[in-house]
Peer 1: 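One structure, pasted below without further comment.
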Amino acid sequence: MSPQLYEFHLPLSPEELLKSGGVNQYVVQEVLSIRHLPSHLKAFQAAFRAQGPLAMLEHFDTIYSILHHFRSIDPGLKEDTLEFLIKVVSRHSQELPTILDDAALSVSDRSAHLNALKMNCYALIRLLESFETMTSQTSLMDLDLSGKGRKARAKSAHGFDWEEERQPILQLLTQLLQLDIRHLWNHSIIEEEFISLVTGCCYRLLENPTISHQKNRPTREAITCLLGVALTRYNHMLSATVKIIQMLQHFEHLASVLVAAVSLWATDYGMKSIVGEIVREIGQKCPQELSRDPSGAKGFATFLTELAERVPAILMSSICILLDHLDGENYMMRNAVLAAMAEMVLQVLNGDQLEAAARDTRDQFLDTLQAHGHDVNSFVRSRVLQLFTRIVQQKALPLTRFQAVVALAVGRLADKSVLVCKNAIQLLASFLANNPFSCKLSDTDLAGPLQKETQKLQEMRAQRRAAAASTVLDPEDEWEAMLPELKATLQQLLKLPQEGEGMPEEIAETETAKEVESRIRQLLAKASYRQAIILAREAIGHFQESQPFCHMDPEDSEETRFLTLLGTIFKGPEAPTQEKTPQGAVGNLGSGETGCEDQSAPEKHREDDELVKQEMLVQYLQDAYSFSQKITEAIGIISKMMYEHTTTVVQEVIEFFVMVFQFGVPQALFGVRRMLPLIWSKEPGVREAVLNAYRQLYLKPKGDSARAKAQTLIHNLSLLLVDASVGTIQCLEEILCEFVQKDELKPAVTQVLWERATEKVPCSPLERCSSVMLLGMMARGKPEIVGSNLDTLVSIGLDEKFPPDYRLAQQVCHAITNISDRRKPSLGKRHPPFRLPQEHCLFERLREMVTKGIVHPDPLWIPFKEAAVTLIYQLAEGPEAICAQMLQGCAKQALEKLEEKSPPQEAPKDTPMLPTFLLMNLLSLAGDVALQQLVHLEQAVSGELCRRRVLQEEQEHKAKDPKEKDASSEATMEEEMGLVGATADDTEAELIRGICELELLDGKQTLAAFVPLLLKVCNNPGLYSNPELCAAASLALGKFCMISATFCDSQLRLLFTMLEKSSLPIVRSNLMIATGDLAIRFPNLVDPWTPHLYARLRDPAQQVRKTAGLVMTHLILKDMVKVKGQVSEMAVLLIDPAPQIAALAKNFFNELSHKGNAIYNLLPDIISRLSAPEGGVEEEPFHTIMKQLLSYITKDKQTESLVEKLCQRFRTARTERQYRDLAYCVSQLPLTERGLRKMLDNFDCFGDKLSDESIFSAFLSVVGKLRRGAKPEGKAVIDEFEQKLRACHTRGLDAIEEFEMGQGGSQRAPSAKKLPAVSRHRHLASAASDDDFVTPEPRRTTRRHPNTQQQVSKKKLRIVFSSDESSEEELSAEMMEDETPKKTTPIRRASAHRQRS
C-alpha cells in the first residue's frame, strides 16, 4: 500500500494493527523474526538519513516487530532502537514548524506528515512503556539484593540507565505538543486518541512506586510540564480529573506527587479550574463507600491536606463541596477537611483587616474545628488540637476565641486517648508561649488591677449616666411632642367650660406674674394640661398689665391665643420674640452659644474616648484573668498525669510545667516539685526530661555576673527546700549529685554557699541552713566539697553557743554523712572504708550536744540526735563505744533530774516524777542507737569481715609456689574458692546473727538497761498517756524488736495490741511501719499476724490508711506477704475519699498487674468479699473498684476463664445484690467470640436471673460491645445470644406473674433483704477484745487465723467455688506450702530491708 494512500489509526491494543480495518487503514504486513530485526533496523536508519522522519511510513513494521519481540531481543538492540526513535521524533519536531507554516502544503503531504507523526509518537511511547514495565519487574525481582546489587543490575554493560533516559523523552514530547500541530488534522481538531496516547504514558510512569523518590524529581517535573501543556492547549481537563481521582484511589504514593502537579497547573499554568473539578469529584464520593475503601480515603485525605497547604485560596472556593465528608464515617476524610480549613485560616483568613464576609467564613471554620474537638474518633480530636496549636503558634486565633479554645484544651486533658491528652498539653503550652496578655500570669497579681479598673469603669459609667440625666432637652422638641394632647384638652375645655369649674386654680394675693408663669411651666412639664390651661385663664384676668399675659392679639381665635401664651411660657420668651430681637443682641447671644457648643463637643469626645479605653482595659484584664484561671485549672489536671505509663505524655507534662513556671504561674512550683520523684524512673527518657527541666529552670539563671547568677540559682533552689518532705529532699539531692558529677554547677555556686554558711555575707538563719543542706547534697557527687572543709563545718553547726541551733546542726550532720564511703561491697572490698578516730572533735561535739540537749524540751533535738547517731555510726571507729557513753550520759542526767524532783522528807509516799519530754527523749535515743547498731553490724562489720577475708585469700594465693599454678589447677581452685567464699559468708552471717540474738540485749549491754523502762511505758498507756511519749516509745519498741528474733517473738503480741487499740493515729502509723520492717526481717514470725496488718487498711484515720497502704504495697510486691482474698482491703482504697490514698492503691494494682497472673488469680476472692452482705461495700463503690481491676484483664484466655467462673457463681450467690454485681463484672470484661460461647455454654446459670432489669441491661451491654468489632461469621452467635437474653427476660417476667397468680404469693420465698454494708472505717471503740490477741501459732500445714472467728464461720454459710481454683497453666500469686520459710530468716536478708533513720 502506498504511504500516501493509507491512514494510520492509533490502536487501543497492538493486536489491532495486525487486523484489517476500514478503507485505507494501515495494517502491519509482516511481523519480522528476531534474527532479521538488526538488518531491517539498519535499513530504516539508512532510509531516515535519506528521507527524514517520513521514512517511518515505510519501516513502521520493523519498529512494530521490535516492540512485539521486546522481551526476547538483545538489550543492545532495544537501546539502539530507543536512541534512533528519539532522533526521528526530534528531527520531525524540528521540521514541523516549517511545514505547518507552509500555506501551499498539499493534502497528501499533510496526510503523510500526520501519519508519520502518529507513527513516530506511537512507536516512541510504546517503547517507553516497554522499558518502564521491564524496569519495574526487574526492581521487584531485586528487592532482596543490597543497594550495590540493584545498581549493578539497573545498568547494562554499556552504562544504560533507564531512569536517566525518561526525562529527555518526556521533554521531546512536550516540545512536540507545544507546536501548533492541530493544523495537520482536518478542521484543525486533534483526535482525542492522540492526546490520550501522549498523556497515557505520563500516567503510566506515575504508577511506578519510585517516582516519588528524590532522584526521580526531574522525571516528575517533566511529566508535570507535559500534562500542563495538554491541559492548556488540548482540552485535557476532564480526562486528567478522572485519571487523578482513579490514581489517588489506587496508588498511595501519588498523593504528594499529584499535589505538586496540580498546584503548579493552578498557579503557573493558570488552570485554577482543575482544582475545583478534582475537589468536586472527591466531594461527590459517597462517604459510606469511602468508609469501605480505606486506601482510597487515605489518598484523598492526603491530597486535600497537602493541596490546602499549597493553594489554600484556590481551594477555599470549593470547600463547601467537601462539607458532607465531615459527617462521614471515615475519620481520615474528616481530618483532611478540617486541616484544609485550618490552612485557610492560617494563610488566607488571617489578620485584622478582613472584610465582614471573610470574618464570617473564618468564624465558621473555627466553629467547625471547635465542634470536632469532641469528635467520636480520637484521631480527629487529636488532629483538631494539633491544628489549633499551629493556629495559636502563628497568632491567627482571634482574641475573642481564646477562652473557648483554652476551655476545649482543658476539657480534652481528661480524654481517654493518650494521643489526645498529649496534644492538649501541647496546645496549652502553645497558648502560654503565645499569649497576648502578659509574660507573667498570676491570679493574685491580676485580680487586684482587675478589681480596681472595673470599679473605675463603673464610676465613669455612673458619671456618664448622671450627666445624661441632667442634660436639658430642647424645649421646642418637647413643645412639639405635647402639642397634640394639649390642643385636644384645650378644645374640650373651650367646648365644655363647666368641666373646669371642679378644679379651680387660685392665684394668691402675694403671687407675682413670674411665679404664676413658673407654676404653669411646671404643670405643663408634668403633663397636667387641664390645670395649666385653667391657671393660664385665671392669670390673663389677674395680670392684664404683666408679661406675658398682656400680649394677646384680639384678632386671633381663643384657642390660638391660649396656645401662643402657653408656648411662650413653656419655651421661654426668646422663641416668639426672636425676630424682633436686635441684630446685635442676636450676634452676641449666638457667639456665646456657639462658643459653648464648640467647647463642649471636644470635651464630650474626650470623655467618650476615655470610656472606650477604660472598657478595653477592663476587657483585657478580664480576659487575662480568665486565661490565668484556666491555666491554673489545667495545672491541677496535668499534674495528675505526671505518673502515667506513657513516656511521651510524661515528657509533655514535664515540658509544660517548665513553661508554666517560666511564666510565673504560682501553682507551677507544685508541678515542678511533683516531677522530682521521676528522677528515679526506669525510663531513661523520663529521667533525662526531669534533668533537662531542672537544668532549664535552675542552671540558667539571669544575672550580670557569675556571682549574681550563682546567688539567683541558690535562691531558687532554696525555695524548693521550703516545707519540703524527706522524699523531695532526696530527689533534689540526686539531681544535684548528677549536676555536680558532670561539672554543670559553676565554682561560684560553691563559693557563695560557703560564704552564706560561714556568715561572711549577711543572711537569715533559714538561708544559712538551706546553704548547708545544698552543700551536703553536692557532697554526694563530690565528697571533697565538704571533706576539705570538715573542721569549718563542725565549727559552723556544732559550736557551743546557747541556745544551740539544732536545725542547723542536723543539716551539718547530714552534709558530713555524705562524705562517707558509700561504694557497693563488690567495688569496696579492696578498699578500707573511710572512718574518723573516736577522738575526733566532731564526735566530741556531737556527744556533748546530744547529752546537754536531752534535758531541754526542744522539739528540734529529736531529729538532730537521730542525724547525730547516724553520723557516728557512719564515720566513727568504734561507734558503739561513743553511743554507749552518750546513752550513759543521758541516763545520768535523767537520774539527776529525778533526784532534783524527789519529794521532801515530809512526803515520802509520793513517787518522784520525771518530765515527760525527758523520758521521751531518752527512749527515742535508745531506739535510734539500737537500730543503727544493727545496721552497723550487718553492713559495716559484715562488709569489713568480708573484705579482710578476701584480702587474706588473695595473699595466701600469691604466696603459693608458682609451679603449682597450672591451668587445670587454677579452674579447680576457683571453684573451691567460690565454695569456700559462700561458706565463709554463711559463717559471718551466723556470727552477726549470734551477736544480735545473744549479746546486744543481754543484761550486760547498755541497750538492755532500757528494755524494762520501754516495756513499762508501752504496757501502761493509761499511766503514760502523753501522745508524744507514746509515739516515741512505740517506735523505739519496733526498733528494739528488729535486733533479735527472740525478743521480737516475745513482744509481737504487745506490738499488734498497740497497733489495733491505740487511740493515737501517730502510734498506729509508726507501728505499721515497724511491723512492715519486721515482716521483712522475720517473715515467719509476723506471717500469722498478717490479717492484723490488712485490718489497718480500714483504719478511720487517713494518715494510718495511707501508711498501711504504702507498707502493704512494699510487702506484697516484694513477695514478703502471702496474697489472698484479704487484698480486697487494698481494693477498697481505690474509692478512698483521700485522693492520695486512692492514687496509691491504683499504683499498687498497676504494679501488681505486671507480676504474671496475680490480679487474675485474686479477682474471684476480691469479688466475693466486696459483694458479700457482711463486710462488703455499697453497689456504686463496688462498680468503681471492679471497673479498675477488670481493666487489667487483657488476655483472651484469662477473660474466657473469668467469664466461666462468674457465670457459675450465679448458682451459688445468695442475694439480688450479688446477682447484679456478678452481671456488672461480666459486662466489664473485654469479651471475644470465644468468651461469648462460654457464656452461651453457661446460660442456664444466669438465665433465670434475667428478669431483673439491671442484670438484663448488663448482659445487653455485652452484646453491644461485641457487635462493634464483630466479624460477619460471629454476628450469628451474637444474634442468638441476644435472642436468648430477650426471650428469657420476657419469659421470666411472665413466669413470675403466673406463679404469683397460681400460688397467691403465699409460698414465695422472700427475696433476701439488702443488708447494710459494714462501715469502711471501724471505730476503735468496737475493736476486738483482748481475747482476739491470743498469740497465733506458727503456721505449719494449714492456715489458721489468729482470731477465734472459726466458730462463727461454721454457723454462717461460707461459699467455696471450685471454679476459683487456678488451672495448672495459671501462675498463682500465692506462696505454696513448700515455699513457706520453715527456718528463721538469716541475718543477711536484713540488708534488703528498708533502713529507717
Side-chain angles (χ1 to χ4, degrees), residues 248 255-256 259 262-263 266 272 275-276 278-285 287 290 297-352 354-402 404-409 412 420 423-424 426-427 430-431 434:
L248 285 172
S256 301
V259 164
V262 171
S263 59
K272 295 181 180 179
V275 175
I278 295 172
V279 171
R280 184 175 293 105
E281 288 293 328
I282 295 175
Q284 290 173 354
K285 291 287 182 184
L290 287 178
K298 183 178 181 182
F300 291 144
T302 308
F303 177 82
L304 289 173
T305 304
E306 296 187 14
L307 189 66
E309 293 174 4
R310 287 175 176 260
V311 285
I314 299 173
L315 183 61
M316 192 165 71
S317 59
S318 307
I319 191 68
C320 57
I321 303 170
L322 299 171
L323 295 181
D324 286 345
H325 289 295
L326 287 175
D327 300 323
E329 294 182 13
N330 192 281
Y331 77 89
M332 290 182 285
M333 289 300 295
R334 297 205 295 279
N335 276 349
V337 178
L338 294 171
M341 290 181 175
E343 288 298 333
M344 292 164 196
V345 170
L346 285 168
Q347 299 186 42
V348 184
L349 304 172
N350 192 0
D352 299 330
L354 293 177
E355 296 179 357
R359 279 200 302 272
D360 291 343
T361 304
R362 179 197 64 191
D363 292 342
Q364 289 174 7
F365 286 170
L366 291 173
D367 287 339
T368 306
L369 281 169
Q370 281 180 235
H372 282 274
H374 303 281
D375 198 283
V376 294
N377 190 285
S378 62
F379 290 108
V380 179
R381 299 195 298 273
S382 175
R383 183 64 172 148
V384 166
L385 295 172
Q386 289 174 353
L387 294 172
F388 270 122
T389 301
R390 281 193 59 207
I391 291 172
V392 171
Q393 286 173 346
Q394 297 188 26
K395 296 180 172 55
L397 187 69
L399 192 59
T400 54
R401 289 190 175 263
F402 256 60
V405 181
V406 169
L408 172 68
R412 288 300 93 205
V420 177
N423 284 296
Q426 288 178 346
L427 175 55
S430 297
F431 266 117
N434 299 278

Peer 1: Looking at every heavy atom in both L346 and A396, which two are closest together, and how far apart are they?
Peer 2: CD2-CB, 3.9 Å
Peer 1: If you compare all heavy atoms of S318 against all heavy atoms of G276, which two are closest, and at what distance to 0.1 Å?
Peer 2: OG-CA, 3.5 Å
Peer 1: With side-chain hydrogen bond (donor to acceptor under 3.5 Å, both in side chains) as the rule and sequence neighbours excluded, what pairs involving residues 306-317 come up?
Peer 2: S256-E306
Peer 1: Is the backbone of V259 close enough, under 3.5 Å, to the side chain of S263 for a donor and an acceptor to pair up by distance?
Peer 2: yes
Peer 1: Name all pairs fulfilling the side-chain hydrogen bond (donor to acceptor under 3.5 Å, both in side chains) condition that reach into residues 384-398, sequence neighbours left out, sorted by first residue then second.
Peer 2: E343-R390, R383-Q386, Q386-N423, Q393-S430, K395-N434
Peer 1: What residues form a side-chain contact (heavy atoms from CB on, under 4.5 Å) with E355, not counting sequence neighbours?
Peer 2: none
Peer 1: Can you pull the side-chain hydrogen bond (donor to acceptor under 3.5 Å, both in side chains) pairs that have at least one residue in residues 356-372, sequence neighbours excluded?
Peer 2: D367-R401, Q370-R401, H372-D375
Peer 1: For A297, which residues count as a side-chain contact (heavy atoms from CB on, under 4.5 Å) partner, sequence neighbours excluded?
Peer 2: L290, N330, M332, M333
Peer 1: In the structure I gave you, are the side-chain heavy atoms of V345 and L387 within less than 4.5 Å of one another anywhere?
Peer 2: no
Peer 1: Who pairs with F431 by ring-ring contact (aromatic ring centres under 6.0 Å, His included), at least two apart in sequence or on another chain?
Peer 2: F402
Peer 1: Quick one: list whatever passes side-chain contact (heavy atoms from CB on, under 4.5 Å) with A340, sequence neighbours left out.
Peer 2: A308, L315, I319, M344
Peer 1: Decide yes or no for N377 and N335: does some side-chain heavy atom of the first lie under 4.5 Å from some side-chain heavy atom of the second?
Peer 2: no
Peer 1: Considering residues at least two apart in sequence or located in another chain, which fulfil the salt bridge (Lys or Arg N to Asp or Glu O under 4.0 Å) criterion with K298?
Peer 2: E252
Peer 1: Evaluate the side chain to side chain contact (heavy atoms under 4.5 Å, CB included) criterion for residues V405 and I391: first the C-alpha distance (whole Å), next the side-chain angles of each, then the deciding distance (0.1 Å), finally the verdict.
Peer 2: CA-CA 11 Å; V405 181; I391 291 172; over 6 Å; no
Peer 1: Taking only residues two or more places apart in sequence or in another chain, which ones pass ring-ring contact (aromatic ring centres under 6.0 Å, His included) with F365?
Peer 2: none
Peer 1: Check the pair R334 / V376 against side chain to side chain contact (heavy atoms under 4.5 Å, CB included), numbers first and verdict last.
Peer 2: CA-CA 11 Å; R334 297 205 295 279; V376 294; 4.2 Å; yes
Peer 1: At their closest point, which heavy atom of P398 faces which heavy atom of L366, and how far apart are they?
Peer 2: CD-CD1, 3.7 Å
Peer 1: Quick check: closest heavy atoms across L385 and A424, and the distance to 0.1 Å?
Peer 2: CD1-N, 3.7 Å
Peer 1: Could you tell me which residues satisfy side-chain contact (heavy atoms from CB on, under 4.5 Å) with V348, sequence neighbours excluded, listed by chain and number?
Peer 2: P312, A313, M316
Peer 1: Measure across A255 and G299 and return the closest heavy-atom pair with its distance rounded to 0.1 Å.
Peer 2: CB-O, 3.9 Å
